[in-house]
A.B. asks: 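I'd like to ask some things about the structure below.
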Amino acid sequence: MLAAQAVCGALAVLVVAYAAGGALLARSPLGRLHFLAPVTTLAVPLFAVAGMLAFGVSLGSASVAVTAAALAVSGPALTAAVGRALAAEAGADVGKEPE
């Protein structure tokens, strides 16, 4: 199990490093926002799996799973809202407000 934890943790760190490097090189705020997707869709689940393997079957692993699930549900909606606000601030036509 220790090897699986290490592999999941290392892959998650690589994804975060890639996303951070891309965000540093992106020129616009909307371009930087695209590099948030790999973190929320790949790195967080990998970190969660590594944490659950470390805790085993316990309340700690359940809290890690709940936190990762909450981020998986709220991450895309929050990213879309921030992107919409950035586009509106830049003067782009973003259409009418969602209901």
A.B. asks: Let me have the donor-acceptor pairs involving side chains of residues 4-27, under 3.5 Å, with sequence neighbours excluded, atom names and distances please.
C.D. replies:
none

A.B. asks: Of all heavy-atom pairs between T41 and P45, which one has the smallest distance, and what is that distance?
C.D. replies: O-CG, 3.4 Å
A.B. asks: Please report the shortest heavy-atom distance between F35 and G31, naming the atom on each side.
C.D. replies: CD1-O, 3.4 Å
A.B. asks: Quick one: CD on E89 to CG on L30, what's the gap to the nearest 0.5 Å?
C.D. replies: 9.5 Å
A.B. asks: Excluding sequence neighbours, so at least two apart, what forms side-chain contact (heavy atoms from CB on, under 4.5 Å) with A80?
C.D. replies: none
A.B. asks: Can you name the closest pair of heavy atoms from V44 and T40 and give their distance?
C.D. replies: CB-O, 4.0 Å
A.B. asks: Using residues 62-77 as the side-chain source, report each donor-acceptor pair under 3.5 Å to any protein atom, sequence neighbours left out, with the distance given to one decimal.
C.D. replies:
unit_1 : atom_1 : unit_2 : atom_2 : d
S63    : OG     : G60    : O      : 2.8
T67    : OG1    : S63    : O      : 2.8
S74    : OG     : A70    : O      : 2.9

